[in-house]
Participant: 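Okay, here's the structure, questions in a sec.
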Protein chains: 2
Amino acid sequence: MTHRQPLPADLFDELCPSALLPFRFGDKWAALVLRCLEGGPRRFSELRVPLHRVTPKVLTQSLRGLERDGFVTRTVHAAPRPAVEYALTPLGRSMLEPLAAACAWAAEHWDELLDARERHTAP
Amino acid sequence: MTHRQPLPADLFDELCPSALLPFRFGDKWAALVLRCLEGGPRRFSELRVPLHRVTPKVLTQSLRGLERDGFVTRTVHAAPRPAVEYALTPLGRSMLEPLAAACAWAAEHWDELLDARERHTAP
DNA sequence: CAGAATCCGTTTAGATACTG
DNA sequence: CAGTATCTAAACGGATTCTG
């Protein structure tokens, strides 16, 4: 016996798109945005500080995507002064847990990955 | 007090790229490929079956990326007959756990997300 | 068998500047 | 303040064809 269990005939029927979703549930910055909202609602300009390397256009895109998928809400306050607040929905909040697990993994294995990458380019 | 804790000044220093990594650690199919290798080494043509919707080029790209980052190994066997086997490294295997958590989340909340998306396009 | 080569269309990101 | 508008560049994904 050279091989163990057979693979399913079509992984898309089995896993897709659910398996893909958490890894591509939006755009490049979605994960970071969600984490920024962990501590409570934030305004656009507040989010721009930690994400200052993301242009406003891209940040807006990201937020729109997350809003569309039900991860965050967008609330406009006219008074006392113009402001827009983004907040996590229960769905968005429920995503924080697997997200944190993935981030913890990354933090722990980041070095190994960099080593592997370096070894690959300069053997 | 309108707001809670302050956000870090630069999320990139704090989290990036580690926070981004698990969500974009390669390409679109990387997660699926890793899951295919969970049960043991597989040959290219074996992987093509469950991933038959991915063209060989893209699958190769994916595998090369995973190899570069130390998630999988690529072994060429000349005898008894030409074959190439891909297998998980310990690093790749360690990724399976957070991956499974994320997939479980997706399976559980997939409906909610679809609902949200539908409600958004057709309110 | 296990890809490589080529071409191509779409999506995504980023820079820059401007506005209700 | 909270974006929008434009433009450009790159990445990504896919179809097709070919090869050691």
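Below, each value reflects all heavy atoms present in this structure, side chains not excepted, and no hydrogens, waters or symmetry copies. Residue numbers start from 1 in every chain, and the chains themselves are labelled A, B, ... in the order their sequence lines are given, proteins ahead of strands. For clarity, every value in this text was computed on a predicted model and none was experimentally measured.
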Participant: For A:His77 and D:dA2, give me the distance from atom NE2 to atom C1', rounded to whole Å.
Facilitator: 13 Å
Participant: Nearest to the side chain of B:Phe44, which nucleotide is it out of D:dG3, C:dG3, C:dG14?
Facilitator: C:dG3
Participant: Quick check for you: among D:dA2, C:dA13, D:dG3, whose closest atom lies nearest to any side-chain atom of A:Gln61?
Facilitator: C:dA13
Participant: Would you say C:dG3 has OP1 or OP2 under 4.0 Å from some side-chain N or O of B:Thr60?
Facilitator: no
Participant: Using whole Å, what does the distance between atom P of nucleotide D:dC1 and atom CD of A:Glu46 come to?
Facilitator: 11 Å
Participant: Where the side chain of A:Val84 is defined as all heavy atoms beyond and including C-beta, which of C:dG14, C:dG3, D:dA2 is the nearest nucleotide?
Facilitator: D:dA2
Participant: Which heavy atom of A:Leu37 sits nearest a heavy atom of A:Tyr86, and at what distance?
Facilitator: CD2-O, 3.4 Å
Participant: Over all heavy atoms of both residues, which pair between B:Val54 and B:Arg48 is shortest? Give the atoms and the distance, please.
Facilitator: O-NH2, 4.4 Å
Participant: Just wondering, do A:Glu97 and B:Trp105 contact through their side chains at under 4.5 Å, heavy atoms?
Facilitator: no
Participant: What residue among B:Arg93, B:Glu67, B:Glu85 forms side-chain contact (heavy atoms from CB on, under 4.5 Å) with B:Val72?
Facilitator: B:Glu67
Participant: Of the nucleotides D:dA5, C:dC7, C:dA2, which has the atom closest to the B:Lys57 side chain?
Facilitator: C:dC7
Participant: List the atom of B:Cys36, the atom of B:Pro50, and the distance in Å for their closest heavy-atom pair.
Facilitator: SG-CG, 3.9 Å
Participant: How many Å lie between CG on B:Leu47 and P on C:dC1, as a whole number?
Facilitator: 13 Å
Participant: Between C:dG3, D:dG14, D:dG3, which nucleotide gets closest to the side-chain atoms of B:Arg74?
Facilitator: C:dG3
Participant: Between atom CG in B:Leu63 and atom C1' in C:dG3, what is the gap in whole Å?
Facilitator: 11 Å
Participant: Figure out the CZ/C1' separation between B:Arg42 and C:dC1, and round it to whole Å.
Facilitator: 18 Å
Participant: Tell me the interatomic distance from B:His52, atom NE2, to D:dA15, atom C1', rounded to whole angstroms.
Facilitator: 17 Å
Participant: Name the closest nucleotide to the B:Arg64 side chain, picking from C:dC1, C:dG3, C:dG14.
Facilitator: C:dG3
Participant: Whole-Å distance between C:dA2 P and B:Glu85 CD?
Facilitator: 9 Å
Participant: In whole angstrom, what separates A:Arg48's CZ from C:dA15's P?
Facilitator: 11 Å
Participant: Select one nucleotide: of C:dA15, D:dG14, D:dG3, the one nearest the side-chain heavy atoms of A:Thr55.
Facilitator: C:dA15
